[in-house]
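Numbers restart at 1 for each chain; the letters A, B, ... are given by sequence-line order, proteins then strands. Note: hydrogens, waters and symmetry copies are ignored here, and every other heavy atom, side chains too, is used.
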Amino acid sequence: MRKSALVSLRKSPLLAAMSLKDTSKRGEKGASKELALALPLTSLIDAFCIIVIYLLIGTQSGGVETPVSAKIALPNAENGITVDKEIATLRIERGSYFLDDKMISKDSLTEKLAALKGKSPQSVELMIQADTNMEYADLDPLLRASSEAGIETLRFAVVPTR
Amino acid sequence: MKKDLNFELNILPVLDILSVLICFLLLTAIWMHVGTIDTKQAIGDNAISGEKNPPSLWVTLAKDGSIQLSLRDVPKANSLEESISKISTGINWSVFSSKIQTLKEQMPELRTTVVRPEAQTSYGDVIRVMDQLKKYQFEGVGLSPLG
């Protein structure tokens, strides 16, 4: 009884996969087949764990993924609210304006924002991404243009600190 | 004696390194949450619609870090004109915070605020002022364009 249990353990593919050693005797039938079955299961499980953690964190955040330029250091804020829907983004980078990653001139701000407003019958919101060290003078043309275009809600992107 | 040419390539250490790299990239590059501070801006002819304006707090930010607080559209008894001097690091945040907290306690109906920065004021300071106002339940925070 004990002997037969040991024999079955030796032939187990799982045990062979864990040890990754050729435990069979030379000349034994089917030895090469057993080696081919030795999969590195540990690393595959590691990869799956990482994917699971990635998905778990991604689904629990509850917000919309918002790309932020690496050249911009967003200001910090304690009372920022989560971005819950896709909205148009206007980025201010060294005095240049980018509406959804397309560069637009200062003079055409009103026209482009009015076109954005015209596309949607509902209330249009605009997310503004700007560097924390930027001067307010760079934001001023955007405030005027959004007011003229009829965009009432501006959402300033921040990094929540709590 | 014939040499055995078959060998097993040990890919486990390579996969482990890759796993660590993936973890590193996930933690450093992706998980930066973005929130927003919202403002309601005046549009069109809001200012001349003839409606009585609600009581509002105006916060004027100077480029050197001093702050002027003033109340508008309130009874004369409640009028306020106060300034907060700058400190060596810029805006005196603790005094500003305590002032608006006191103001909110005295006038809970005060919900509207207008932030008026100067041209050279830092955007970060403007956002922090709005953040502080949101903290004390000032819901209608607006930004004034440069005069």
Side-chain angles (χ1 to χ4, degrees), chain A residues 20 22 32 35 38 40 42-44 46-47 49-50 53-54 57-58 61 63-68 73-83 87 92 125 127-141 143-144 146-160, chain B residues 6 8-23 25-27 29-44 46-47 61 63 115-128 130-138 141-147:
Chain A
L20 285 175
D22 184 5
S32 59
L35 268 180
T42 315
S43 52
L44 287 176
D46 285 351
C49 286
I50 289 163
I53 291 166
Y54 174 88
I57 297 172
S61 69
V64 174
E65 208 172 291
T66 311
V68 180
L74 293 177
N76 296 327
E78 284 178 17
N79 302 285
I81 54 169
T82 314
V83 185
I87 53 173
I92 308 173
E125 296 181 352
M127 184 198 280
I128 296 165
Q129 295 180 354
D131 193 277
T132 188
N133 296 315
M134 181 188 79
E135 286 187 353
Y136 185 70
D138 287 334
L139 184 68
D140 184 60
L143 294 180
R144 289 176 189 280
S146 62
S147 177
E148 285 169 23
I151 296 175
E152 197 178 15
T153 308
L154 297 179
R155 304 182 74 167
F156 295 93
V158 293
V159 178
Chain B
N6 290 330
E8 271 187 274
L9 183 64
N10 194 359
I11 56 165
L12 279 175
V14 180
L15 284 169
D16 283 349
I17 291 168
L18 282 177
S19 306
V20 171
L21 276 176
I22 289 168
C23 285
L25 291 171
L26 285 175
L27 291 172
I30 293 175
W31 307 118
M32 191 182 86
H33 289 275
V34 174
T36 56
I37 295 278
D38 297 0
T39 62
K40 288 274 183 192
Q41 296 296 112
I43 54 166
N46 279 7
L61 298 175
K63 65 174 178 183
V115 181
R116 293 180 61 200
E118 284 186 359
Q120 282 81 35
T121 308
S122 155
Y123 172 72
D125 286 344
V126 176
I127 294 294
R128 194 165 170 190
M130 292 201 293
D131 187 36
Q132 291 289 311
L133 292 167
K134 292 269 181 190
K135 185 179 173 183
Y136 294 107
Q137 276 79 48
F138 287 93
V141 179
L143 266 178
S144 166
L146 295 171

A.B. asks: Is there side-chain contact between B/Q41 and A/S147, with at least one heavy-atom pair below 4.5 Å?
C.D. replies: no

A.B. asks: Counting C-beta onward and ignoring hydrogens, is there a side-chain heavy-atom pair between A/V158 and B/V34 closer than 4.5 Å?
C.D. replies: no

A.B. asks: Which pair of heavy atoms, one from B/G124 and one from A/P75, lies closest together, and at what distance?
C.D. replies: CA-CB, 4.3 Å

A.B. asks: With a 4.5 Å cut-off on heavy-atom pairs, point out which of B/K63, B/K134, B/K40, B/K135 contacts chain A the most.
C.D. replies: B/K135

A.B. asks: For A/L139, which atoms come within 4.5 Å of any heavy atom of chain B: side chain, backbone, both, or neither?
C.D. replies: side chain

A.B. asks: Given a strict heavy-atom distance threshold of 4.5 Å, which part of B/I127 is in contact with chain A: side chain, backbone, both, or neither?
C.D. replies: side chain

A.B. asks: Donor-acceptor pair, B/D131 side chain versus A/E78 backbone, under 3.5 Å?
C.D. replies: yes

A.B. asks: Identify which part of A/M134 has an atom lying under 4.5 Å from any heavy atom of chain B, answering side chain, backbone, both or neither.
C.D. replies: both

A.B. asks: Mark yes or no for whether A/D140, through its side chain, and B/L146, through its backbone, hold a donor-acceptor pair below 3.5 Å.
C.D. replies: yes

A.B. asks: Taking the side chain as C-beta and beyond, is there a heavy-atom pair between A/E135 and B/T121 under 4.5 Å?
C.D. replies: no

A.B. asks: Tell me, for A/D131 versus chain B, whether the close heavy atoms (under 4.5 Å) come from the side chain, the backbone, both or neither.
C.D. replies: backbone

A.B. asks: Distance check, rounded to the nearest 0.5 Å: B/T39 atom OG1 versus A/E152 atom CD?
C.D. replies: 9.5 Å

A.B. asks: Which of these, B/V126, B/L143, B/T36, sits in a side chain to side chain contact (heavy atoms under 4.5 Å, CB included) with A/F156?
C.D. replies: B/L143

A.B. asks: Spell out, as yes or no, whether a donor-acceptor pair under 3.5 Å connects the side chain of B/S122 to the backbone of A/T132.
C.D. replies: yes

A.B. asks: So do B/D38 and A/I81 actually touch side chain to side chain, heavy atoms under 4.5 Å?
C.D. replies: yes

A.B. asks: If I take atom CD1 from residue A/I92 and atom OH from residue B/Y123, how far apart are they, to the nearest 0.5 angstrom?
C.D. replies: 7.0 Å

